[in-house]
Protein chains: 2
Amino acid sequence: MSKPKQVTIVEVAAAAGVSIATVSNVLNRGGIRSSKETIRKVELAAEQLGYRRNTMAAGLSRSKTYEIGLILPGLTNYYGELAEHLQIEAHNAGYHLSVFSSGGFDPDIERRNLEVLLQRRVDGLICHGLAMGFESTRSIVNSGTPLVLINGWNWPEDIALGAVNLGFAEACKQSTKLLVERGCKALCYVGSKGSKVIDEQRRKGFNAGIRQYASDVIHEIVDAKDLDMEAFLSSLLQRHAMPVGMIAFDDHVALRLLSAANKLRIAIPSQLQIIGINNDYIAKQSYPGISSWDIPYSYQAQSAINKLLHKFGNKAESGEEREIEVPLTFIERESTKSYKTE
Amino acid sequence: MSKPKQVTIVEVAAAAGVSIATVSNVLNRGGIRSSKETIRKVELAAEQLGYRRNTMAAGLSRSKTYEIGLILPGLTNYYGELAEHLQIEAHNAGYHLSVFSSGGFDPDIERRNLEVLLQRRVDGLICHGLAMGFESTRSIVNSGTPLVLINGWNWPEDIALGAVNLGFAEACKQSTKLLVERGCKALCYVGSKGSKVIDEQRRKGFNAGIRQYASDVIHEIVDAKDLDMEAFLSSLLQRHAMPVGMIAFDDHVALRLLSAANKLRIAIPSQLQIIGINNDYIAKQSYPGISSWDIPYSYQAQSAINKLLHKFGNKAESGEEREIEVPLTFIERESTKSYKTE
DNA sequence: CTGTTAGCGCCTTCAG
DNA sequence: CTGAAGGCGCTAACAG
């Protein structure tokens with residue numbers, strides 16, 4: 001119950017009556033070039049002594065850690081889900097994923113996290129839409145550690161290997177189209193400026209959609225932060241012809257809108273229609289259900305990990321495009337579609 | 001942009017014109033016992049060469065990693081939040097937190113994760129209500145790595161240093177009392193058997209509450225999994241006198257109940273009252289708001305980390321009780337209280 | 001104050 | 001097929 005010495009290959013070697021080289025070979029290379037008999041002896045000894053390979057020593061020795069660093073703005077909701085998938089993919093590829101949260105989009109914490117990861121000599125990095133600037137990032141990562149971005153648009157090639165981006169812009173664009181088709185007379189995007197780039201993409205898509213599908217429709221853009229949903233909604237419905245279509249930054253914002261609407265007895269979807277993003281648990285379980293864009297987590301995670309593996313030279317697979325655009329899929333629910341029953 | 005050699009203290013030493021020992025001393029011990037001048041020279045050289053300490057080498061050398069392993073059933077919602085707080089606390093104490101998800105309560109993945117962490121020679125472990133049995137855990141952790149549990153009740157002393165547990169039982173017990181006081185004529189706990197121990201604690205508290213505060217009140221226990229909320233609710237309200245009080249496993253389950261109730265036009269709280277647990281974003285933002293029990297994340301995280309630090313002999317602080325019970329605080333909202341306005 | 005010298009535990013040629 | 005030996009980068013006595 002104390003933590004003195006763990007057993008090492010030296011002891012295993014002694015117990016098995018072979019050299020440490022042989023032990024190393026048997027235990028970490030499937031015993032290629034070792035007799036059946038030797039293998040058995042070594043494995044037995046290792047088992048009995050409770051040998052456990054020391055990752056640090058191994059890593060130091062071969063200067064390869066089989067560790068991938070991940071930096072996210074947080075660990076809840078979307079981020080947590082993504083982290084889980086990345087972890088699974090990393091594991092399947094024989095890598096360990098070290099997860100870090102920067103507590104929001106704080107450049108300082110980000111830098112600190114990066115530093116720690118690099119000190120650990122991770123083989124690669126996956127970061128979510130870094131808040132740090134190009135220069136700042138470059139000066140830190142130029143050490144040669146491959147970096148793949150998640151939701152990072154237009155990063156210079158000398159900094160990042162590439163990026164795997166969710167098609168937020170396209171989703172928002174299609175959302176405007178859809179809302180117009182559903183008869184909306186006015187459109188509104190409720191964003192979240194605090195989320196930097198990913199909010200930017202949504203705005204971009206929203207604006208593009210307006211231009212292409214609803215140039216004559218009244219529209220506006222507001223920020224969810226500190227927004228009094230009830231006051232906002234009632235004012236909105238007074239000012240515009242109904243139904244009004246809203247695109248929310250994510251399902252959380254959508255829920256706030258929905259709740260305010262319910263409270264004000266605003267009819268959904270006849271007076272107000274809402275589309276969220278993420279297809280969270282919330283979207284499915286709220287009443288009425290919120291139409292939302294589903295995220296292909298596994299695919300996104302795989303793409304990111306594969307980009308890294310490709311660079312490592314392990315798996316084949318082509319690394320083709322630098323920026324991979326991952327499309328979201330629309331899940332329609334009652335917030336935009338008349339109830340089936342009733 | 002390749003990943004050949006990183007600069008080492010040897011090179012820094014050469015550049016600064018001192019020995020590697022001095023470099024090591026300056027760079028990793030605040031330069032105690034080194035002249036101002038030497039310190040400056042070394043720091044300068046290190047800076048210019050872009051030196052970055054190799055964690056593995058350092059860890060290997062002093063057989064201390066300053067790394068703490070964390071194993072959770074997942075990374076979303078409560079778990080993600082907890083992970084973030086633990087990470088912050090760990091960092092403040094100078095430790096790195098390695099987060100792992102076992103994808104639910106899967107004993108096999110858990111074991112694998114534990115194994116990886118031990119191979120990394122983490123200084124300590126924090127695990128959430130392990131799904132593995134005592135024996136299984138003991139055989140893996142007996143290596144001497146201190147283990148602290150989160151929501152782990154009655155674990156043998158020779159396996160775990162202690163535990164930091166949320167007061168789910170008490171919360172559920174108090175919930176029954178409260179619902180009775182609010183006039184509920186029947187009570188129901190909607191649990192989630194898949195969540196093992198934490199569901200168990202809730203049941204225990206619910207039953208205790210029934211015995212003590214509502215022995216004469218009709219009550220039942222059901223499982224949220226695969227439950228048709230609408231059918232269940234309407235049947236429930238037909239069978240029992242209203243209002244019926246419900247205690248949900250967590251706010252997610254509470255939201256499902258609430259949505260079903262809204263759909264069936266069941267009046268809240270006059271016909272149905274709901275209490276959730278976790279005080280998620282959902283509870284605050286749904287309509288009507290869901291009364292819920294708030295979790296003191298920071299406190300919980302601090303307690304867990306402190307237990308470990310205490311064992312490490314770093315910080316003073318007393319390690320007094322083995323099992324710390326962290327009380328939840330009730331946040332009342334409209335799901336149990338008549339609306340203020342209207 | 002600063003330099004020398006052993007390791008830490010494992011991997012990896014290179015001989016036998 | 002197996003053993004011997006030299007690192008990997010850093011730390012920690014122990015001398016100067």
Discussion item. Just N and O in the side chain of Thr22(B): are any of them under 4.0 Å from OP1 or OP2 of dG3(C)?
Written reply: yes
Fill in: Atom-to-atom span, CZ of Arg120(B) to P of dC10(C) - whole angstrom
15 Å
Worksheet item: Rounded to the nearest Å, what distance is computed from the CD1 atom of residue Ile9(B) to the P atom of nucleotide dA12(D)?
Response: 12 Å
Worksheet item: Over how many whole Å does the gap from Gln119(B) atom CD to dC8(C) atom P extend?
Response: 20 Å
Discussion item. Please determine whether side-chain contact (heavy atoms from CB on, under 4.5 Å) holds for the pair His91(A) and Leu97(A), giving the CA-CA distance in whole Å, both sets of side-chain angles, and the decisive distance to 0.1 Å.
Written reply: CA-CA 7 Å; His91(A) 172 75; Leu97(A) 188 74; over 6 Å; no
Worksheet item: Taking atom P of dT5(C) as reference, at what distance in whole Å does atom CD1 of Ile20(B) sit?
Response: 11 Å
Discussion item. Within residues 48-61 of chain B, which residues have any heavy atom lying less than 4.0 Å from an atom of DNA chain D?
Written reply: Tyr51(B), Arg53(B), Asn54(B), Ala57(B), Ala58(B), Ser61(B)
Worksheet item: Base, sugar-phosphate, or nothing for Val23(A), non-hydrogen atoms under 4.0 angstrom?
Response: nothing
Response to the item:
To the nearest angstrom, the CG-P distance between Asn28(A) and dT13(C) comes to 15 Å
Worksheet item: Base, sugar-phosphate alone, or nothing: which one does Val18(A) contact when heavy atoms must sit under 4.0 Å apart?
Response: sugar-phosphate
Worksheet item: Do any side-chain nitrogens or oxygens of Ser24(B) fall under 4.0 Å of OP1 or OP2 in dT11(D)?
Response: yes
Item to complete: Tell me which nucleotide among dT11(D), dC10(D), dC11(C) gets nearest to the side chain of Thr8(B).
Response: dC10(D)
Practice prompt. Decide if the gap between the ring center of Phe100(B) and the ring center of His96(A) is smaller than 6.0 angstrom.
Written response: yes
Worksheet item: CG of Asn25(B) versus C1' of dG9(D): gap in Å, rounded?
Response: 17 Å
Fill in: Length of the line joining Glu11(B):CD and dC8(D):P, which is rounded to integer Å
11 Å
Worksheet item: What's the spacing between Thr55(B) OG1 and Arg121(A) CZ if we round to 0.5 Å?
Response: 7.0 Å
Practice prompt. Establish, from distance only, whether the side-chain atoms of Glu110(B) and Ser102(B) form a donor-acceptor pair under 3.5 Å.
Written response: no
Discussion item. Which residue in the set Asn92(B), Val148(B), Ile126(B) passes side-chain contact (heavy atoms from CB on, under 4.5 Å) when paired with Ile305(B)?
Written reply: Ile126(B)
Practice prompt. Provide, to the nearest angstrom, the distance between the CZ atom belonging to Arg62(B) and the P atom belonging to dC8(D).
Written response: 20 Å
Discussion item. Taking the basic N atoms (NZ, or NE/NH1/NH2) and the acidic carboxylate oxygens, is any pair closer than 4.0 Å for Glu115(A) and Arg112(A)?
Written reply: no
Discussion item. Can you see whether Ser101(A) engages Glu84(B) through a side-chain donor-acceptor pair at a distance of less than 3.5 angstrom?
Written reply: yes
